[in-house]
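One structure below.
A quick note: this is a predicted structure, and the numbers were derived from the prediction, not measured. So you know, we letter chains A, B, ... as the sequences are listed, proteins then strands, and number each from 1.
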Amino acid sequence: MAAKCINARGEELANNRVFRTPFRRSRCLIVADGFYEWDKTNPKKKVPIRFSLSDDSLFAFAGLADRWSGPAGEVVESCSVITTEPNALVQPTHNRMPVILHPADYDRWLDPQNQEVAALQPLLVPFPPEAMRAERVSDAINNAKNDVDPRLIVAVEPPRLRARSLFDDDDI
DNA sequence: CCAGACGTTGTT
DNA sequence: GTCTGG
DNA sequence: CCAGACGTTGTT
DNA sequence: GTCTGG
């Protein structure tokens with residue numbers, strides 16, 4: 001279940017069997033500097049797009065943490081990224097996007113005493129597209145073996161990762 | 001999400 | 001086609 | 001009562 | 001933990 005519950009629909013949290021209790025009691029922040037979606041306008045060529053904040057700052061997804069007993073009685077710790085409808089920037093690429101929280105809302109989101117669904121639900125909305133950037137990235141992102149600094153992948157034209165020239169370029 | 005493996009026979 | 005691993 | 005499911009994304 | 005189906 002943990003592997004399949006990597007995302008949680010924000011709209012349904014209050015009633016969802018799996019996520020209702022974590023929503024009330026164990027909300028978390030998941031730190032990121034970007035996320036990826038694949039443009040499938042041309043079904044023969046999936047184009048990876050990186051989404052990030054315009055000012056390149058780190059940000060936080062709204063997340064849920066959980067701890068439960070697995071099939072063999074082992075304790076499993078897992079977390080899920082909450083999703084919402086896409087903003088105008090993401091919409092052409094994908095029908096969902098992760099919830100990005102504003103720093104001013106971190107405390108309210110993390111406060112375990114705050115169990116008011118009515119106060120939390122309004123935070124689970126699309127981030128302002130004006131504060132975000134979308135850019136095509138190299139197909140290198142498609143292979144999980146390329147687990148490298150994302151700056152080596154951003155803005156590189158496919159099909160090959162030109163790592164050497166990037167390392168030598170102070171502008172990157 | 002994508003990439004890669006998946007199977008048996010028979011042994012180039 | 002479908003499942004697993006990353 | 002117990003057993004089994006519980007989810008999201010995308011459908012290449 | 002909790003809901004559904006049998």
query = Expressed as a whole number of Å, how far does the C1' atom of C/dC3 sit from that of B/dG7?
reply = 14 Å
inquiry  = Measuring only the C1' atom in each nucleotide, how far is D/dT12 from B/dG4? A whole number of Å is fine.
reply    = 14 Å
task = Keeping to residues at least two apart or across chains, list the ring pair (Phe, Tyr, Trp, His ring centres under 6.0 Å) pairs with something in residues 96-128 of chain A.
result = A/His102-A/Phe127
query = Taking atom C1' of D/dT8 as reference, at what distance in whole Å does atom CG of A/Leu13 sit?
reply = 12 Å
query = Hey, is the side chain of A/Asn16 poking within less than 4.0 Å of OP1 or OP2 on D/dC6, counting only N and O atoms?
reply = no
key: Pairing partner of D/dG7 (Watson-Crick or G-U wobble, both distances under 3.5 Å)   = none
message = What is the separation between atom CD1 on A/Ile6 and atom C1' on B/dC2, rounded to the nearest whole Å?
response = 12 Å
query = Which nucleotide sits closest to the side chain of A/Trp38: D/dT8, B/dA3, B/dC2?
reply = B/dC2
request  = Check salt bridge (charged side-chain N to carboxylate O under 4.0 Å, His left out) between A/Arg17 and all other residues, then give those that pass, not counting sequence neighbours.
outcome  = none
message = From CG of A/Leu64 over to C1' of D/dC6, roughly how many Å is that when rounded to an integer?
response = 15 Å
key: Pairs involving residues 82-93 of chain A, ordered by first then second residue, that meet salt bridge (Lys or Arg N to Asp or Glu O under 4.0 Å) (sequence neighbours left out)   = none
request  = Please work out if A/Lys46 contacts a base, only the sugar-phosphate, or nothing of the nucleic acid, heavy-atom cut-off 4.0 Å.
outcome  = base
remark   = In Watson-Crick or G-U wobble terms, with both distances under 3.5 Å, the base opposite E/dG5 is D/dC2
key: Side-chain N,O (A/Thr83) to OP1/OP2 (D/dT9) below 4.0 Å   = yes
query = Side-chain donor-acceptor pair under 3.5 Å between A/Arg133 and A/Ser54, yes or no?
reply = no
Qualifying residues under ring pair (Phe, Tyr, Trp, His ring centres under 6.0 Å), relative to A/Phe23, sequence neighbours excluded = none
ask   = Within the distance-only criterion (no hydrogens, no angle test), does the side chain of A/Gln121 pair as donor or acceptor with the backbone N or O of A/Gly10 below 3.5 angstrom?
value = yes
query = When you compare C/dT2 with D/dT11, how far apart are their C1' atoms, in angstrom units rounded to a whole number?
reply = 13 Å
Just the atom pairs and distances: protein N or O near nucleotides 2-6 of chain E's N or O, under 3.5 Å.
residue	atom	partner	partner atom	Å
E/dT2	O2	A/Arg17	NH1	3.4
E/dC3	O2	A/Arg17	NH1	2.8

note = In whole angstroms, the gap separating C1' of B/dA3 from CG of A/Asn143 amounts to 6 Å
query = Separation of A/Arg67 atom CZ from E/dG1 atom P, in whole Å?
reply = 14 Å
task = Round to a whole Å and report the spacing from CG of A/Asp139 to P of B/dA3.
result = 8 Å
key: D/dA5 and C/dG6, which share atom name P, separated by this distance in whole Å   = 26 Å
ask   = Looking at A/Lys145, does any N or O in its side chain come under 4.0 Å of the phosphate oxygens OP1/OP2 on B/dC2?
value = no
Euclidean distance, atom CD1 of residue A/Ile141 to atom C1' of B/dA3 [Å, nearest integer] = 13 Å
query = Separation of A/Phe35 atom CZ from D/dT9 atom P, in whole Å?
reply = 13 Å
ask   = Listed by chain and number, what are the ring pair (Phe, Tyr, Trp, His ring centres under 6.0 Å) partners of A/Phe19, not counting sequence neighbours?
value = none
ask   = Just checking, any donor-acceptor pair under 3.5 angstrom between side chains of A/Arg9 and A/Thr83?
value = no
